[in-house]
Amino acid sequence: LAFGSEIRIGIVDMTLVGLLEEALAALPVDDRTIRPIVMARLAAARQPSEHPDVEAGLAREAIALARTGGDPDVVRRTLHYGLAALVDYAPPAERLPLATELAAAGVAVRDRALAMQARARAFIDRIELGDVAGADREMAALDGLAHEVGHPRYLWRPLLIRAMRATMAGRLDDADRLRSEAAALAGRTEDPNFPLVH
């Protein structure tokens, strides 16, 4: 879990997959503390997959298992990884409540980075559902969290989301400016996810 603590978008790292498979095999099947987190991280680590529904199913199973244990920390961590496995492979109506729950959990434990990631996912879910006003509220919340953190690694994210909204509204000059600002901030960090998100 430490090795795979940072989610890499669109990258299947077979070393990570192997470590997680080994860990899962060693855990008792009735474990409600580490097993759901490992299951969810494994599901995310395997995506994109030739069989994305299998990994999405594993993520759903992990989330359900975490809830039976009743530990909010386990649920939060399982949701974080489970959503990474579901983000492109489950309907937005299923993902949005989970992202909303995760954002609230992140705020509750003062994990602004986690809350930001959840808000960004909720933004996409709302766009896919046609809830543009709701997406704009997520965008504003994400922007506020990013400025609370104040680090370039997090500040580029809301800029790209604002660029997406500007593109949707036909404000292409604004979109280009926002993307350039995001790229300049990301250039001050070594965030491996920026090029793909950009």
Side-chain angles (χ1 to χ4, degrees), residues 6-10 40 43-44 47-48 52 56 59-60 63 66-67 72-73 75-186 189 191-198:
E6 183 170 24
I7 294 172
R8 297 288 308 276
I9 299 169
Q47 294 283 37
R60 291 181 181 107
I63 292 167
R67 292 193 193 286
D73 181 59
V75 172
R76 183 178 66 255
R77 294 176 67 194
T78 304
L79 278 174
H80 170 56
Y81 293 133
L83 272 169
L86 296 171
V87 71
D88 291 323
Y89 306 103
E94 176 186 356
R95 298 185 322 244
L96 180 57
L98 299 175
T100 302
E101 178 183 354
L102 184 60
V107 168
V109 298
R110 300 185 186 280
D111 187 340
R112 291 180 184 93
L114 180 62
M116 282 183 62
Q117 187 173 56
R119 289 288 189 186
R121 288 176 177 163
F123 170 85
I124 297 297
D125 296 340
R126 290 188 186 279
I127 289 293
E128 288 187 29
L129 290 166
D131 179 9
V132 177
D136 286 344
R137 288 191 298 275
E138 299 290 355
M139 183 173 65
L142 174 62
D143 194 53
L145 287 164
H147 283 88
E148 286 178 26
V149 174
H151 191 279
R153 185 176 178 108
Y154 300 101
L155 289 169
W156 66 258
R157 297 166 192 269
L159 289 172
L160 280 188
I161 285 181
R162 288 189 182 284
M164 177 194 283
R165 284 292 290 118
T167 300
M168 290 172 62
R171 299 188 326 270
L172 302 184
D173 289 343
D174 288 344
D176 285 343
R177 177 184 51 78
L178 290 162
R179 285 187 307 116
S180 294
E181 289 177 21
L185 282 169
T189 72
D191 191 332
N193 287 320
F194 177 78
L196 183 59
V197 175
H198 185 252

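- Annotation: the span from M168 atom CE to M164 atom CE amounts to 8.0 Å, rounded to 0.5 Å.
- Taking every heavy atom of both residues into account, Y154 and P158 meet most closely at O-CD, 3.2 Å.
- Between F123 and R165, some side-chain heavy-atom pair lies under the 4.5 Å cut-off.
- Between A103 and A118, the shortest heavy-atom contact is N-CB, 3.4 Å.
- R76 has its side chain within reach of V109: a pair of non-hydrogen atoms, C-beta onward, lies under 4.5 Å apart.
- Annotation for A44 and A85: closest pair N-CB, 3.6 Å, computed over non-hydrogen atoms.
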Chi angles and distances behind the side chain to side chain contact (heavy atoms under 4.5 Å, CB included) call for L145, R119: CA-CA 9 Å; L145 287 164; R119 289 288 189 186; 4.0 Å; yes
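- For the atom pair CZ of R179 and OG1 of T167, the computed distance is 7.0 Å after rounding to the nearest 0.5 Å.
- Using a distance-only test at 3.5 Å, with no hydrogens or angles considered, a donor-acceptor pair links the side chain of Q47 to the main chain of P52.
- In this structure, the separation between CG on D191 and CD on E6 is 6.0 Å, given to the nearest 0.5 Å.
- Using a 4.5 Å cut-off on side-chain heavy atoms (C-beta onward), I124 and E138 make no contact.
- Separation of atoms CZ (R157) and CG (N193) is listed at 6.5 Å; rounding is to 0.5 Å.
- Checked options T78, L83, V107; the residue passing with L102 is L83 (criterion: side chain to side chain contact (heavy atoms under 4.5 Å, CB included)).
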D136 vs R126, side chain to side chain contact (heavy atoms under 4.5 Å, CB included): CA-CA, chis, key distance, verdict: CA-CA 9 Å; D136 286 344; R126 290 188 186 279; over 6 Å; no
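- Here CG of L114 is found 6.0 Å from NE2 of H80. Values are rounded to the nearest 0.5 Å.
- A 4.5 Å side-chain heavy-atom check between R177 and S180 finds every atom pair outside the cut-off.
- Atom CZ of F194 and atom CG of L160 lie 5.0 Å apart (nearest 0.5 Å).
- In this structure, A122 and L96 approach most closely via the heavy-atom pair CB-CD1, 3.8 Å.
- No side-chain heavy atom of L98 sits under 4.5 Å from any side-chain heavy atom of R121.
- Pairs passing the side chain to side chain donor-acceptor pair (under 3.5 Å) check and including a residue from residues 96-111, sequence neighbours excluded, read R67-E101.
- Of all heavy-atom pairs between L185 and P152, the closest is O-CB, 3.6 Å.
- Listed here is the closest heavy atom pair of E94 and A90: OE1-CB, 3.5 Å.
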